[in-house]
Amino acid sequence: MLKMENVSKIYRTDLIETHALRKVDLHIKQGEFVSVTGPSGSGKTTFLNLAGLLETFEEGDYFLDGQNVKGLNDNQLSQLRNEKIGFIFQSFNLIPDLPLFDNVDVPLRYRGFNRKERKERIEHALEIVGLSSRIQHLPTQLSGGQQQRVAIARAIAGEPKFLLADEPTGNLDSLMAQQVLELLENINAKGTTIVMVTHDDKLAKRAHRNIQIFDGQVSDLAKDSSDILIKTA
Amino acid sequence: MFSYNLKLAVKSIKDRPSLTVLMVAAIAVGLGLFMTVITMAHQSENIPLSYKSENLYLIQLDNREVDAEDVPIQARMIDMTYQDSSNLMALNTAAKEQTYTFTTNGILNVEDENIQPLRSRLTVTTQGFFSMFDTPFLYGQAWSKQEDKNGDAVIVLSKETNEYLFGGINSVGKQMRIDTRVLTVIGVMDNWYLTRKFYNRSYRQGNPDQAYIPSSFAFKSNLPRMAGFDCWSTTKNSREFGNVRLDELLNSECAWLTFWAEIEGKSKLEEYKSSVNQYIENQKSFGRFPRAKEKMNDYFTNINEQLTFVNSRNSTMGFLKTVAYMFFAVCLLNAVSILLAKFMRRTKEVSLRRALGAKKSAIMFQHLLEVVIIGLMGGAVGVVLSYFGLQGMMSIRLYASDYMLKAKDLIPYYHLDWQMISLAFLVAIFSTILVALYPIWRICNVSPASQLKAQ
């Protein structure tokens with residue numbers, strides 16, 4: 001599903017060169033639930049941005065669902081993000097003056113689905129997250145946990161190949177965090193690959209596999225030793 | 001996607017109404033002044049009878065004395081003598097039609113004693129004037145060639161004069177007087193707005209003539225002649241020609257008539273010039289046209305050429321245009337800042353949309369649509385402002401003329417026609433898109449990753 005080979009990301013200014021990621025080798029299979037942990041400044045966000053095709057990289061190759069994304073232009077990357085990736089953010093990133101229906105509708109609009117299909121997908125996604133009765137509510141009328149569930153609905157409405165979750169429970173209390181995590185587990189159980197960045201070790205352990213990033217380098221702590229793929233630069 | 005983007009654009013416009021209003025105001029105010037000036041320029045610089053203006057020629061023959069100074073500019077050249085005017089009209093030339101004009105004045109009155117006599121300015125001309133210059137008629141028609149020849153006492157009234165004297169009815173056949181002379185109304189002209197009154201070389205606006213009479217009648221009746229007489233030095237007291245010594249004037253070398261010829265095409269013009277040159281050569285044998293051919297300042301200029309010169313001398317309009325352009329540019333620069341503020345507020349939403357799969361072109365289209373709507377709104381308000389601007393400019397013009405001019409005569413020169421309204425909207429949309437290019441480029445190139453990380 002997601003394969004990085006020797007991927008490096010360097011941020012350059014006039015004076016400083018920062019190696020945010022160094023020769024990362026990583027292979028995530030279809031259907032896996034992977035947590036990504038590491039201290040602040042370790043390169044987790046950079047990894048997430050690269051995985052989500054929100055940033056480009058200097059070296060190496062990145063294969064997403066079998067396609068090498070290196071050299072793709074902006075339009076191709078946008079299309080790939082739309083079709084293959086669902087994003088879940090720590091701060092939900094819902095559009096506050098759009099009702100839930102329209103929020104979930106956003107990625108589907110850019111996919112080119114017709115009205116009927118969009119409606120079906122939105123209603124189905126909101127049903128999965130248990131918010132189909134609130135379809136015309138605004139995000140501000142919901143609790144934090146509910147907002148994150150809407151964000152999840154938006155992420156899964158297009159049936160992406162994998163979900164990228166950046167601290168999905170970071171702004172939630174423990175009860176809501178539990179609910180969100182269970183929802184993610186249910187989605188993963190149906191075959192969707194999930195890559196989740198988290199600071200919470202307890203949440204990290206709920207994943208099938210944990211990847212640690214430290215100083216731009218990845219170490220992969222596979223739960224099952226047969227999946228071990230550890231490579232450091 | 002169009003309806004979706006339209007919905008997003010409208011939502012954005014409603015989102016922060018204060019910024020939208022500021023943006024519309026910036027466009028509208030600049031556009032209002034711009035369109036006020038451009039409309040005035042358009043209406044005053046428009047070539048009258050543009051569909052045939054290049055065929056209507058002012059003919060000026062240099063019959064001056066040998067030692068007269070060179071006149072390199074057509075606008076400074078004198079008019080034509082009566083001798084040459086009547087001779088050219090009698091000649092068989094390539095011109096489709098020819099005519100000459102001068103101005104007279106008199107008191108128009110009718111039998112109805114309730115109608116006060118009207119001190120008037122009249123154009124004295126020949127029958128060809130009306131067909132050459134396509135004057136519109138409300139009632140009746142121009143006098144005939146025979147009536148011209150006979151010097152019949154007939155008169156063509158302007159619409160306004162007919163309304164004053166006869167209450168606007170079809171007055172053809174009715175009798176009236178110029179001073180003590182009785183004339184019969186043969187035609188009533190409709191409103192005839194000329195951007196410039198070219199036929200008497202005044203190039204004035206808003207100063208229509210009140211009536212038109214045949215030159216043969218005017219000579220027969222010795223009506224006053226309001227003209228400048230450019231005579232040889234041997235002619236004494238030429239100013240008297242305005243009222244007396246008509247026979248002497250008609251046979252003199254004094255130039256005082258504005259002579260026009262309608263000549264279709266360059267080859268006919270050359271043919272006409274050749275006929276005129278032959279005529280001049282013939283006249284030289286009578287001692288006329290004493291200047292050497294190479295020193296003669298003969299001019300054959302059409303309306304286009306004349307008005308190009310007249311408009312180029314209008315420094316006031318040129319100054320106003322410069323001010324209007326500069327002011328509009330300043331307003332547009334302000335609009336750039338407002339748009340930047342408006343768009344950059346939405347970087348997070350745009351970044352989100354980009355992350356969820358929106359291409360840059362989709363973001364660009366959404367914002368361009370918003371900008372076009374704002375442009376249309378700015379255009380609409382700008383048109384309203386330019387209407388009031390034109391009314392204001394007209395009031396200033398009336399004031400400057402000590403109210404000698406009438407508002408209704410000036411309206412055509414301060415009038416927003418559909419062409420100008422369309423131009424206003426086009427300018428509004430185009431300029432709004434232009435100022436939006438940088439803000440749209442900025443917002444499309446914001447890195448989504450930098451905006452989406454939790455705060």
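Any value given below was found using the heavy atoms of this structure, including those in side chains, with hydrogens, waters and symmetry copies removed. Each chain gets a letter, A, B and so on, in the order its sequence line appears, and its residues count up from 1. In this text the structure is predicted, and so the values were computed from the model without any measurement.
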Taking [atom1] in [X] as the centre, count heavy atoms belonging to other residues, nucleotides or ligands within less than 6.0 Å. Is the count above 12?
{"X": "K161(A)", "atom1": "NZ", "result": "no"}
{"X": "Y193(B)", "atom1": "OH", "result": "yes"}
{"X": "Y399(B)", "atom1": "OH", "result": "no"}
{"X": "Y11(A)", "atom1": "OH", "result": "yes"}
{"X": "F63(A)", "atom1": "CZ", "result": "yes"}
{"X": "M326(B)", "atom1": "CE", "result": "no"}
{"X": "H137(A)", "atom1": "NE2", "result": "yes"}
{"X": "E54(B)", "atom1": "CD", "result": "no"}

Identify which part of [X] has an atom lying under 4.5 Å from any heavy atom of chain B, answering side chain, backbone, both or neither.
{"X": "N75(A)", "answer": "both"}
{"X": "L98(A)", "answer": "side chain"}
{"X": "R154(A)", "answer": "side chain"}

Are [X] and [Y] packed together at the side-chain level, in the sense that at least one heavy-atom pair is separated by less than 4.5 angstrom?
{"X": "L54(A)", "Y": "R354(B)", "result": "no"}
{"X": "D102(A)", "Y": "K7(B)", "result": "yes"}
{"X": "R353(B)", "Y": "V106(A)", "result": "yes"}
{"X": "F89(A)", "Y": "L352(B)", "result": "yes"}

Quick check for you: to the nearest 0.5 Å, what is the distance between [X] atom [atom1] and [Y] atom [atom2]?
{"X": "K360(B)", "Y": "D74(A)", "atom1": "NZ", "atom2": "CG", "answer": "4.5 Å"}
{"X": "R109(A)", "Y": "S3(B)", "atom1": "CZ", "atom2": "OG", "answer": "6.0 Å"}
{"X": "L356(B)", "Y": "F87(A)", "atom1": "CG", "atom2": "CZ", "answer": "7.5 Å"}
{"X": "Y4(B)", "Y": "R118(A)", "atom1": "OH", "atom2": "CZ", "answer": "8.5 Å"}

Taking 4.0 angstrom as the limit, do D97(A) and K11(B) come out as a salt bridge? yes
Among R81(A), R111(A), E83(A), which residue forms the greatest number of heavy-atom pairs with chain B at distances under 4.5 Å? R81(A)
Which one of I95(A), D105(A), N49(A) has the most heavy-atom pairs closer than 4.5 Å to chain B? I95(A)
Nearest heavy-atom neighbours spanning S78(A) and A358(B): OG-O, 3.6 Å
If you count heavy-atom pairs under 4.5 Å with chain A, which of G357(B), A362(B), S447(B), S351(B) comes out on top? G357(B)
